[in-house]
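Since we're looking at a predicted model, the values are computed, not measured.
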Amino acid sequence: MVWDRFAASDPGLLRLTAGLRTVSAIALTLVVLALLDTGVTYMVAGAMTAMTSTFAIKDKGVRDQAVTLALGLPVALVAMSLGPLLASQVVAGDLFFVVLIFFAVYCRRFGDRGKALGLIGFQIYFLALFVGASTSALPALWLSVAVGFGCSAAVRFGLVPETPSRVLTRLRDAFRTRLAQLVAMQIELLDAGPEQLEKVLDDMRRRTARLHEAALMIQGRLEEGTRDADEAALLQRRVADAEIATERLGMLLLNARSVESADTLTLHLPHAPVRLTDDWRPAAEDDATIALRRDLKALHLLVSRPAARDGGTAVAHLRNRLLGYRDEEKLPSAPAGIQDAFRGIGEAARSVLGLRLALDGPQDESDDSPATTRSREEFDAEDIALASAGKPEAAKDPGGLRRPTTRAAFQVSVGSVLAMIGGELLSTQRWYWAVLTCWVVFLNTASTGEILVKGYRRLLGTFLGAIAGVALAGLVGGHTWLSFALVLVFIFAMFFTAPLSYAVMSFFVTAMLGLLYTLLNSYSFDVLVLRIEETAIGAACGVVAAVLVLPVRTDRRTDELLGTVLERLGDVVSAAVEQLSGGPASDLLSKARSLDTALDELRDSTGPLTLPVTPLRGRRRTVRYLVALLETCAYHARSLAATAELVPQSKTIAADPRLHGAGQRIAHNIGVLAAYVEDEGAAGEVESGATIASTLRDDGSGTQPSGTVTVRVLRHLQRLDEGVVGLARPLAVPVAERAEAGAERG
């Protein structure tokens, strides 16, 4: 369905809701101010106030949102009053603006409320300068501000309400849809010919990444959207299980279709060559392949069909059949790779059952098979273990100038002073555009490279938006309500595209401002050219401040984040292998999610290094290769963690103490990599040579004892070991070959 595709592209409908809420608040404000017969200037002030008071508030709870909105009104009134009062006193006005900017940024350390109040204070003071507020106009401007806040509250809590539980529900639906889309692509993989393989694999990579994105978004909303910590932990566990099991199924299908084992180590690499094209097995129409296709379609039905729509025994029959593959029930006579794919379907069906229980509550158990009953018993045991798990420790605050908010406050203050000077040299009337750009490029950035990239994108969007503003001003000049209608369209587009492209968002912002200038009768071609010039100065001043004041170089930040990723990767692997070896249980999936969060931060921080326009082509390839290998390692670590979670409650698989040695080697190699990242002069070498499989043999047969967990995790351990050793090359860490170890054991 078209709506399902849209919901999957906008998880939780967060972008759609943000755009609708903002546009609705502005439209309602314009209607109220029109009924009060205010002038266009006051309508513009009210509309921009409604926009600011709507997007600035990010508190999760409804009560917290109401409190922040109530506190924001007096802050806005004071900021609006100080604008005209200080306008005639240049020095005092500029000093106050700098102090306001400093505290607006510094207040981010106090969470969502501090960030919102600081943003409201800055934006409303800027608004006073934008509309040319005077002391005589203050009563009407106060009315516009109050109406803007009131309409924002009416829309937020009445017309377009949003509660944490409602957002989480939409995110869960988006996750279910993306999960179904990934299974549908796996069905296409089963039938793909050699000429279609690369396209299908690219689509699988993209849909797997989108599923992972939805899982992380759910994690960020769990605490506020669920009734208690136990329910949040349960939902997190079930989402992680479903994600990992479905991704693993894709790998097993890839192996089943290839003559030789699939190169899953490079599957995550961007634009990696597909080595399977020449030896890709034709989709034979034998009984096993027909059954595999049939069961994949059954799995897709289980994923996409909510439990509330289950009727009769048909769905229960499908579920029972798929879950039976976990216990080797009715596996077809087929090559080992095909049988592994059926087992993967069984694991995916189990994860879907767990996801249904977490999302839809208890279900009818009258038609359960013994395999389904065992799966439910495993879930019950996991629920009990989750209820006794402790909370993870909070991150330590570095304090002082090392605190990001403090450092950013000093940087943006210095940059704003430079922007004021440069902006006033261009225009004594519109210098504040340079200050605004300097302020904006520091939002949600943490390194000099990120600030440079953001400034470049804002300048590009501003330039293109100015061209659009010239055309629009000529078309709609003198048509007030048509101009306001286009402003609403651009504001919606601005909020809808903000998470996707900063340059596109800047385009809509500048085009909207061109229309506002037209409404204020201050539009001219020179004004839009000045807007571009002020934007360039503001971006340049922001970069200069970032370089000179408490700088955080991009390579230093990426090294810090890389060290964090390696540390958390080591934590997940060590804890998972310990549990797989029969050691004590721990909250593995929380550790795995911490790894995912750190990896996302690292990926974002490397953005300036991987831009297509970067002249350092070799470095860009190295960074992309490094991040892709880390993503592969994270996938196999998550799979180890998910399997280890099954061992304490499982009645069919047992822990294997021999895995402890394999885990020690991987943990040692990760530790060596982390030490080199922290200190290039560190000692130690990465160990390579004997395969994990050879180190686990009990005899010369090369087989693994049945009934242990080893068979399930051996591929993940092997790929993780290869991935960690592969990280040594881009990090320039020495590798010690130990082929003799493999010869002795072979």
Side-chain angles (χ1 to χ4, degrees), residues 197-213 216 247 250-251 254 262-277 445-454 456-457 499-503 552-569 595-638 669-670 673-674 676-677 680 686 719-720 722-733 735:
L197 179 59
E198 289 199 40
K199 181 181 183 302
V200 171
L201 287 180
D202 284 341
D203 288 341
M204 277 189 59
R205 291 187 186 104
R206 184 165 53 253
R207 294 193 179 186
T208 300
R210 293 175 67 189
L211 180 67
H212 185 57
E213 175 195 18
L216 290 180
E247 186 174 359
M251 298 292 186
L254 200 59
D263 184 14
T264 57
L265 185 61
T266 59
L267 185 61
H268 292 77
L269 298 180
H271 309 297
V274 182
R275 290 185 5 187
L276 306 178
T277 303
T445 53
S447 69
T448 304
E450 291 179 44
I451 292 170
L452 178 62
V453 170
K454 193 170 184 180
Y456 147 75
R457 287 173 175 167
L500 304 178
S501 172
Y502 186 71
V552 176
R553 296 182 56 186
T554 302
D555 55 354
R556 193 182 87 185
R557 173 165 170 77
T558 53
D559 284 349
E560 291 175 355
L561 292 175
L562 176 58
T564 302
V565 170
L566 290 172
E567 178 185 350
R568 294 184 181 178
L569 178 64
L595 168 62
D596 290 335
T597 301
L599 186 54
D600 277 356
E601 292 178 355
L602 174 64
R603 189 185 301 107
D604 291 341
S605 73
T606 59
L609 304 176
T610 57
L611 280 177
V613 296
T614 180
L616 304 175
R617 302 289 179 177
R619 187 178 186 183
R620 184 181 70 173
R621 287 192 295 268
T622 299
V623 170
R624 295 179 69 186
Y625 181 85
L626 179 66
V627 173
L629 271 183
L630 286 170
E631 289 175 342
T632 299
C633 291
Y635 157 69
H636 290 293
R638 289 197 307 270
N669 288 344
I670 294 174
L673 295 175
Y676 270 86
V677 170
E680 294 183 359
V686 168
R719 290 308 192 193
L720 186 59
E722 294 171 0
V724 171
V725 173
L727 289 169
R729 183 176 65 82
L731 294 177
V733 178
V735 178

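- Thr558 contributes atom OG1, which lies 13.0 Å from atom CD of Glu601 (distance to the nearest 0.5 angstrom).
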- prompt: Does the pair Glu722 and Arg719 meet the rule for a salt bridge (charged side-chain N to carboxylate O under 4.0 Å, His left out), with working shown?
  reply: CA-CA 5 Å; Glu722 294 171 0; Arg719 290 308 192 193; 2.8 Å; yes

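- If you take CE on Met204 and CD on Glu247, they are separated by 8.5 Å, rounding to the nearest 0.5 Å.
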message: What verdict does the salt bridge (charged side-chain N to carboxylate O under 4.0 Å, His left out) test give for Arg603 and Asp600, after you've listed the backbone C-alpha separation in whole Å, the side-chain angles of each residue and the deciding distance to 0.1 Å?
response: CA-CA 5 Å; Arg603 189 185 301 107; Asp600 277 356; 2.4 Å; yes

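- Residues Arg556 and Asp559 are not in side-chain contact: their nearest non-hydrogen atoms beyond the backbone lie 4.5 Å or more apart.
- Under the 4.5 Å side-chain criterion, counting only non-hydrogen atoms from C-beta, Thr606 is in contact with Leu602.
- By the 4.0 Å N-to-carboxylate-O rule, Arg210 lies too far from Glu213 to be salt-bridged with it.
- The shortest non-hydrogen separation linking Ala637 to Leu569 is CB-CD1, 3.8 Å.
- Across every non-hydrogen atom of Val735 and Ala728, the tightest pair is CG2-CB, 3.6 Å.
- What you find for Tyr625 and Gly726 is that their closest heavy atoms are CE2-O, 4.4 Å.
- Arg568 meets the side chain to side chain donor-acceptor pair (under 3.5 Å) test with no other residue; sequence neighbours excluded.
- The distance from atom CG of Leu720 to atom CG of Asn669, rounded to the nearest 0.5 Å, is 10.0 Å.
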message: Would Lys199 and Asp203 count as a salt bridge (charged side-chain N to carboxylate O under 4.0 Å, His left out) here? Give the steps.
response: CA-CA 6 Å; Lys199 181 181 183 302; Asp203 288 341; 3.1 Å; yes

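- Residues Arg638 and Asp596 are in side-chain contact: their nearest non-hydrogen atoms beyond the backbone lie under 4.5 Å apart.
- Thr564 OG1 to Leu599 CG: the interatomic distance, rounded to the nearest 0.5 Å, is 11.5 Å.
- Contact detail for Val686 and Val725: the closest heavy-atom pair is CG1-CG2, 4.0 Å.
- The CG atom of Leu566 sits 7.0 Å away from the CG atom of Leu731 when rounded to the nearest 0.5 Å.
- Of all heavy-atom pairs between Val724 and Cys633, the closest is N-SG, 3.9 Å.
- Taking the side chain as every heavy atom from C-beta outward, Arg557 and Glu450 approach each other to under 4.5 Å.
- Atom CZ of Arg729 sits about 8.5 Å away from atom CG of Leu629, to the nearest 0.5 Å.
- Residues Leu562 and Leu630 have side chains in contact (heavy-atom distance under 4.5 Å, counting atoms from C-beta outward).
- Residues Leu561 and Asp604 have side chains not in contact (no heavy-atom distance under 4.5 Å, counting atoms from C-beta outward).
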